[in-house]
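First the structure, in the form of structure tokens, and then the observations on it.
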Amino acid sequence: MSVTDSRHDALSHDLSAHGDPHETSQAAHRFAGSGSWLTAIRFSLLMAVVLGLLYPLVVVGLGQLGFSHQANGSLLADAEGRVIGSSLVGQRFTSERYFQGRPSAVDYAADAVGGSNLAPSNPALRERAEADTGQITARDGVEPGRIPVDLLTASGSGIDPAISPEAAAIQVDRVARVRGLTPSAVTALVERYSDSGGWLGQPTVNVLALNLALDAIE
Amino acid sequence: MNAMMLCYALLIGLALPLGLYMGRALDTDRSTVMDRLFGPVESVLMRLAGVDRRASMTWSAYLLAVLTLHLLLIGLAWIVFMSQGLLPLNPDGIPGMNWDTALHTAVSFATNTNQQHYSGQAQLSYLSQTLAIVTLQFLTPATGLAVLLAITRTLLKRQTSSTTVSTNASTTPAGHGVGHDSVGNCSVGNYCVGHYYVDLTRIVVRVLLPLSLLVALVLVWQGVPATYQGAQSVTMLDGGAAQVIPRGPVAPMVAIKQLGTNGGGWYGPNSTVPLENPTGLANLVETIALLLIPVATLIAVGVISGRRRLMMGIGAVMIAFSLITTTLIVVSERLPNAALAGLAVEGSPNLEGKEVRFGSDLSALWGSWTTQTSNGSVNAMHDSFNPLGGLGLLMDMFVNVTFGGIGVGLIGYLLYLMLAAFIGSLMIGRAPELFGKPLETREMRWISLAILAQPLIILGLTAITVAFPSLTGNSNPGFHGLSQVLYEYTSAFANNGSGFEGLGDGAPWWNLACVLALAVGRFLPMLVPLAVAGWLMEKRTAPQGRGTLSLEGGAFVGLTAGVIVIVNLLGFLPALVLGPIAEQLTLP
């Protein structure tokens, strides 16, 4: 049907250029289809196939060919080769032998990502920050008023994989003590898993990668 | 500020060549080398869809085609969302959506809004995310641009003797007496505004699809997943609890989400999630993509219409508005979060709801651009912005023509320009006119309605919702609780889609009330200017005289900016005082 349509196009185009009234009415007849439901249905099904199925398929295909590690979620394995997480997904750390990440409104549940959505005026935010301050002060001996702000604020995603270099620095002594390492050895490791961010972003330390590396030392 | 200025410079540096390209590639009146490149693809698509590539429509047929296609798309998407549990490409076994959230989602994506009352990674199958959502994320920005092209051909294009027989001149029989026949087919060039489906196809094939492919591949390289495998379950390092990492064909969606002023992300908290926005480079690409096509569109319309000075004036107003609110938001987010006083290092920026890898400046810049363009994706939670930052976001969405959504941003500006031309003509003692055509009662009635619908719907629905606490669902007490409700309706009407996301908005009231705001906010301000352009086209042109109001002079550019500011302040200043301003004043 579509092929004959297009032949009609060419024909009516040639003729109507000469002002043939019969062919002009045929053009009008064809047009009637353009505002109609039938054209809308054909067009939307076609676009759904091209844009909704083929386009993602092409990106997935090329992505898997060129960057299969990233395309599958940047998964990390531990020393024994088990998949232990993703370098892009933060994890909950509570033991003193590990560097700790930021507060998470969803407790690092990657399938239920989200932020706290607490406004600065919300008393619940103050309460949470005071509780976290108490813990950090007890754990790392940092006084209130000196705590890096990222350790007192929940991230937007709830799975922020990073902390600031300052937030890592206040934890170095404690991690070194618990693990029986020298602080300078731990600091060196922190620096290895740091990213300056450049002008495109902010300096970060990847918490999961750093903790995996700490475990690998032992 | 350095990063902010570099992003503006990069944006304009990239939008300029893209705009020149779009101006040539989308102009149906001239044949270019792009026709040889893309023509065969478009030809095949048009044949499969059963559309005559050379046909053209009257403005009313064009308008009807837009509404027909959208009704159908909403219906199809609604069915897909509700029945996804029975359909393929659902490795995580996600059940169908309930009817009201599915309806809201279908309308939200069909209006280029992408307001989400669900969390994508948990409530949509891969089929819903691609077949339904990605398709709409292409077709809705294309529709905005297509309607803008139709208005450009009708209203803006300078009519010289060689172009009086305008679009698709090949079907025009010389000397035909009637402009159009009863079924809307147009046969005299002046009455033709182009063909909706041909315009859509051109925009998708020549602009959106190539750009999206490029951006999607950069994002995969940076770490955005692109796979059909289901979620990966892992055992966490400390304590051994399980963590489920959702994956999917995320990168193709994120690319068009950013480029197409869509904003609806794969994961609930959008581009805050490192899997959706992993690195500084990915964030830069996604940030530039927010505004790239809206800015390029100004240039493209300047090229197609020949009205370069008019477009430069409009662009100047938009850049001024953009810099004002962006500066306000960036400065606001550098201020400490009041809740952390005495606990965090003094002078730290507000990082609640923000990611460490972006910090406060890049989050504030994104927030500002995403509300200016009607994109609505986020890389930080707007609910936790400082009150003055939230004020800036709301102002961006009220104005909604600071570049604005693709096509509809400039169309919305034209709506204000029509009002300014009416006022300006009266101020200099002339009969109101626009491009030499008289602006009369019918035009002004519809222009006023399209402008006034915004405060009526947003404030009306906000008032009803806060009057019934059982409907409200806000999660923050006090003034911010009002801001949450106001933000949701503002975002829906502006077709933005971002939210103060603590709001419990998955309930039937929220879904249905937002459907009303979404549909009116999309179609009224987009289609009224098309109708006005059509009505004006049928009128006689008055010759330009010395007393004619110049739309290109600095005085008129300033008048239009003033009209925009005054209309929005009159409508929304009281609400802003009760919301973010009161919140700021009462912070400890």
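Since the model is a prediction, treat every value here as computed from it, not as a measurement. To find a chain, count down the sequence lines: A is the first, B the second, and so on, and within it residues start at 1.
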Considering only heavy atoms, which portion of [X] lies under 4.5 Å from any heavy atom of chain B: side chain, backbone, both, or neither?
| X | result |
| --- | --- |
| A/Phe93 | both |
| A/Leu151 | neither |
| A/Arg102 | side chain |
| A/Arg128 | side chain |
| A/Ala119 | both |
| A/Val50 | side chain |
| A/Thr133 | side chain |
| A/Pro103 | neither |
| A/Ser74 | side chain |
| A/Arg146 | backbone |
| A/Asp215 | side chain |

Would you mind telling me which of [options] has the largest number of heavy-atom pairs within less than 4.5 Å of chain B?
| options | value |
| --- | --- |
| A/Ser164, A/Pro120, A/Gly63 | A/Pro120 |
| A/Ile84, A/Leu53, A/Leu152 | A/Ile84 |
| A/Val49, A/Thr137, A/Leu57 | A/Leu57 |
| A/Gly114, A/Ser95, A/Ala112, A/Pro123 | A/Ser95 |
| A/Gly61, A/Pro144, A/Gly201, A/Ser68 | A/Pro144 |
| A/Val149, A/Ile163, A/Ile159 | A/Val149 |

Derivation of the side chain to side chain contact (heavy atoms under 4.5 Å, CB included) call for A/Leu75 and B/Arg247: CA-CA 11 Å; A/Leu75 300 176; B/Arg247 300 182 290 183; 3.9 Å; yes

[options]: which one forms the most heavy-atom pairs within less than 4.5 Å of chain A?
| options | value |
| --- | --- |
| B/Leu351, B/Ile133, B/Asn386, B/Thr130 | B/Leu351 |
| B/Leu281, B/Ile245, B/Leu362 | B/Ile245 |
| B/Ser119, B/Gly481, B/Pro477 | B/Pro477 |
| B/Leu89, B/Leu76, B/Leu45, B/Val66 | B/Leu45 |
| B/Val134, B/Val378, B/Val345 | B/Val345 |
| B/Leu127, B/Asp238, B/Val234 | B/Asp238 |

Worked verdict on B/Leu343 versus A/Glu130 for side chain to side chain contact (heavy atoms under 4.5 Å, CB included): CA-CA 7 Å; B/Leu343 307 179; A/Glu130 280 174 347; 4.0 Å; yes

Contacting moiety of [X], where chain A heavy atoms sit under 4.5 Å:
| X | result |
| --- | --- |
| B/Thr235 | backbone |
| B/Phe385 | backbone |
| B/Ala341 | both |
| B/Leu284 | side chain |
| B/Val244 | both |
| B/Glu583 | side chain |
| B/Ser212 | both |

What heavy-atom pair brings [X] and [Y] nearest, and what distance separates the two atoms?
| X | Y | value |
| --- | --- | --- |
| A/Ala129 | B/Leu340 | CB-CD2, 3.4 Å |
| A/Ser44 | B/Leu73 | CB-CD2, 3.6 Å |
| A/Gly90 | B/Gln243 | O-NE2, 3.0 Å |
| B/Phe138 | A/Leu51 | CB-CD1, 3.4 Å |
| B/His480 | A/Ser121 | CB-OG, 3.9 Å |
| B/Met381 | A/Gly156 | CG-CA, 3.6 Å |

To the nearest 0.5 angstrom, please state how far the [atom1] atom of [X] sits from the [atom2] atom of [Y].
| X | Y | atom1 | atom2 | value |
| --- | --- | --- | --- | --- |
| A/Leu62 | B/Leu213 | CG | CG | 7.5 Å |
| B/Arg357 | A/Thr204 | CZ | OG1 | 9.0 Å |
| A/Leu45 | B/Thr135 | CG | OG1 | 10.0 Å |
| B/Thr201 | A/Leu46 | OG1 | CG | 8.0 Å |
| A/Met47 | B/Leu136 | CE | CG | 12.5 Å |
| A/Leu125 | B/Glu352 | CG | CD | 5.0 Å |

Pair B/Thr272-A/Asp160, side chain to side chain contact (heavy atoms under 4.5 Å, CB included): steps then yes or no: CA-CA 8 Å; B/Thr272 64; A/Asp160 194 338; over 6 Å; no

Side chains of A/Asn72 and B/Gln229: is there a donor and an acceptor less than 3.5 Å apart?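 Yes, side-chain donor-acceptor contact under 3.5 Å.
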
A/Leu200 vs B/Asn283, test: side chain to side chain contact (heavy atoms under 4.5 Å, CB included). Steps then yes/no. CA-CA 8 Å; A/Leu200 294 170; B/Asn283 187 63; over 6 Å; no

Out of the candidates A/Val207, A/Thr153, A/Asp150, only one should pair with B/Val356 under the side-chain contact (heavy atoms from CB on, under 4.5 Å) rule; please name it.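 Looking at A/Val207, A/Thr153, A/Asp150, the match for B/Val356 under the side-chain contact (heavy atoms from CB on, under 4.5 Å) is A/Asp150.
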
Evaluate the side-chain proximity of B/Gln232 to A/Val89: yes if any heavy-atom separation is below 4.5 Å, no if none is.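 No; the side chains remain at least 4.5 Å from each other.
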
Check the angle between the aromatic planes of A/Phe43 and B/Tyr197 and answer parallel, tilted or perpendicular using the 30° and 60° thresholds.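 Tilted, since the angle between the ring planes falls between 30° and 60°.
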
For the pair [X] (side chain) and [Y] (backbone), establish whether a donor and an acceptor sit closer than 3.5 Å, ignoring hydrogens and angles.
| X | Y | answer |
| --- | --- | --- |
| A/Tyr55 | B/Leu209 | no |
| A/Gln70 | B/Gln222 | no |
| B/Glu355 | A/Ser157 | yes |

